[in-house]
2 protein chains.
Amino acid sequence: MILKSQVEWALHCCAILAGLPDGSYLSTKALAELHGLPKEYLSKALQSLSQASLVETTLGPSGGYRLARPSSEISFLDIVEAVEGKARSFTCTNIRENNPCRPAGYCDSKPCAVARVMWEADEAWRNTLRRVRLSDLVDTLSEEVPPDIWRSTFEWVLKRAG
Amino acid sequence: MILKSQVEWALHCCAILAGLPDGSYLSTKALAELHGLPKEYLSKALQSLSQASLVETTLGPSGGYRLARPSSEISFLDIVEAVEGKARSFTCTNIRENNPCRPAGYCDSKPCAVARVMWEADEAWRNTLRRVRLSDLVDTLSEEVPPDIWRSTFEWVLKRAG
DNA sequence: GAATTAAGGATATATGTTATCCGCGAATGG
DNA sequence: CCATTCGCGGATAACATATATCCTTAATTC
């Protein structure tokens with residue numbers, strides 16, 4: 001059970017977009033260069049964010065991406081689910097139905113007890129991600145990243161933002 | 001991010017093994033028939049349980065598997081990790097190191113803030129699974145599965161247990 | 001000694017992830 | 001108006017992992 005690397009990419013990109021001044025956009029090219037990622041493939045992750053309405057886009061030179069709403073209203077779960085999908089990590093194939101001791105056509109009233117536990121764990125995972133906002137990440141980064149790196153990074157970004 | 005179907009298989013098999021009388025074993029063949037699963041491939045899942053010392057085995061006719069300890073001392077997490085591995089679902093590739101604004105050779109004091117959140121969610125998932133014991137599953141099943149199916153299933157199993 | 005079992009290696013197939021390339025239409029700037 | 005820049009989506013390929021089967025070996029039972 002391993003998340004796509006696109007999840008990591010999307011989270012880092014959103015953290016950068018959160019620091020953009022209002023009304024400006026940042027292109028895939030800039031985001032790819034900043035993180036050392038393959039531009040074409042990163043583009044797929046950003047398209048996922050766009051389809052989930054987490055970001056807005058504009059075309060042409062000086063076009064690119066910006067957040068569709070304040071970073072305090074975007075959760076980790078929003079971003080993770082946009083890229084990874086909303087499907088649960090455990091899929092129940094109902095193997096209890098193969099039990100040869102079952103009467104034919106017997107119908108279960110509840111989902112399988114095994115699945116219920118696995119889904120509960122899945123919910124715990126999602127709840128943790130739901131409680132963390134993108135703005136929390138930005139706060140943490142602004143505390144932990146050395147001020148000179150933080151500053152020069154956003155100078156680098158602003159030079160490329162449209 | 002999807003768990004292997006072997007996780008589902010292992011959990012169901014352990015639930016059956018938990019109902020075996022002391023000292024008896026149940027073979028891969030019986031477990032595969034009971035759940036309608038491919039015998040050879042299910043065998044790989046059971047081997048994982050064996051390597052994790054969750055079950056004990058014996059060879060020859062009337063051989064097979066039994067739990068290595070009481071079902072109250074085996075957690076869902078034990079079984080899931082035996083099959084799925086203990087690696088975290090999120091792997092941090094440290095793309096912050098690719099930031100062109102970083103001084104060469106700069107070393108981070110902490111793991112990436114993005115990774116820390118993702119790992120926290122992973123821990124929440126694991127904690128949920130850690131808190132549920134195999135004996136809890138058996139309790140739930142014995143309440144929910146209709147008594148006649150429950151009984152006939154274990155008659156079926158006992159007929160094949162060595 | 002014959003049958004049965006778990007264990008593990010080798011191999012094949014299917015699916016999913018990672019990645020690249022291309023063409024389209026929209027927007028920008030000259 | 002035109003060349004460039006962009007997001008978007010489709011097609012495709014390389015690679016890894018999951019799923020599945022087959023076979024051999026050694027241990028055990030009867």
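The sequence lines fix the lettering, A, B, ..., with proteins before strands; numbering per chain opens at 1. In this text, all values refer to a predicted model and were calculated from it rather than measured experimentally.
Within 4.0 Å (heavy atoms only), B:Y65 reaches sugar-phosphate atoms of the nucleic acid but no base atom. Counting any heavy atom pair closer than 4.0 Å across all strands shown, A:S50 reaches sugar-phosphate atoms only and no base atom. A:G64 comes within 4.0 angstrom of the backbone, heavy atoms only, and of no base.
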**Message:** Checking B:R151 against B:D148 for the salt bridge (Lys or Arg N to Asp or Glu O under 4.0 Å) test, could you report, in this order, the C-alpha distance in whole Å, the side-chain angles of both residues, the deciding distance, and whether it holds?
**Reply:** CA-CA 5 Å; B:R151 200 182 329 105; B:D148 49 332; 5.8 Å; no
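Straight-line distance from the CE atom of B:M1 to the C1' atom of C:dT15: 18 Å, rounded to whole Å. If you take CG of B:L37 and P of D:dA20, they are 9 Å apart, rounded to a whole angstrom. To the nearest angstrom, P of C:dT15 lies 17 Å from CD of B:Q6. Atom-to-atom, CG of A:L42 to C1' of D:dG7 comes out at 12 Å; the value is rounded to the nearest Å. The interatomic distance linking A:L3 (CG) with C:dT17 (P) rounds to 10 Å, in whole Å. Here C:dT18 presents its P atom at 14 Å from NZ of A:K44, a figure rounded to the nearest Å. If you take OH of A:Y41 and P of C:dG16, they are 13 Å apart, rounded to a whole angstrom. The distance between atom CD of A:Q47 and atom C1' of D:dG10, rounded to the nearest whole Å, is 11 Å.
Exactly one residue among B:R131, B:R133, B:R130, B:R69 makes a salt bridge (charged side-chain N to carboxylate O under 4.0 Å, His left out) with B:D78. That residue is B:R69.
Heavy-atom nearest nucleotides on DNA chain D were determined for A:I2 and for B:K39, and the one closer to the 5' end corresponds to A:I2. Mapped onto DNA chain D by nearest heavy atom, B:E84 and B:P38 fall at different nucleotides, with B:E84 at the one closer to the 5' end.
In terms of the ring pair (Phe, Tyr, Trp, His ring centres under 6.0 Å) criterion, A:W156 has no residue partners (sequence neighbours excluded).
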**Asked** If the sugar-phosphate is the primed atoms plus P, OP1 and OP2 and the base is the rest, what is the B/S/- string for nucleotides 22-30 of chain C, using protein heavy atoms under 4.0 Å?
**Response** B--BBBB--
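Residues B:L17 and B:Y65 have side chains in contact (heavy-atom distance under 4.5 Å, counting atoms from C-beta outward).
A salt bridge links B:K110 with A:E144; the closest basic N to acidic carboxylate O contact falls under 4.0 Å.
Among all heavy-atom pairs drawn from B:L129 and A:M118, the shortest one is CD2-SD, 3.9 Å.
Contact annotation: B:T57 side-chain N/O to C:dA7 OP1/OP2 distance is under 4.0 Å. OP1 or OP2 of D:dT19 sits under 4.0 Å from a side-chain N or O of B:S5. Residue A:Q51 has a polar side-chain atom (N or O) positioned under 4.0 Å from OP1 or OP2 of D:dG9.
Of the candidates C:dT17, D:dT21, D:dG9, C:dT17 carries the atom nearest the A:K4 side chain, counting heavy atoms from C-beta on.
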Less than 3.5 Å apart, which donor and acceptor atoms pair up between the side chains of residues 3-15 of chain B and the rest of the protein, not counting sequence neighbours?
residue, atom, partner, partner atom, Å
B:Q6, NE2, B:Y41, O, 3.4
B:E8, OE1, A:T93, N, 3.4
B:E8, OE1, A:T93, OG1, 2.8
B:E8, OE2, A:T93, N, 2.9
B:E8, OE2, A:T93, OG1, 3.2
B:E8, OE2, A:N94, N, 3.4
B:W9, NE1, B:S5, O, 3.4

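In terms of polar N and O atoms assigned as donor or acceptor, the side chain of A:K29 never comes within less than 3.5 Å of the base of D:dG7 in a complementary pairing.
Listed for the B:R102 side chain is no donor-acceptor partner under 3.5 Å among the backbone atoms of A:T153.
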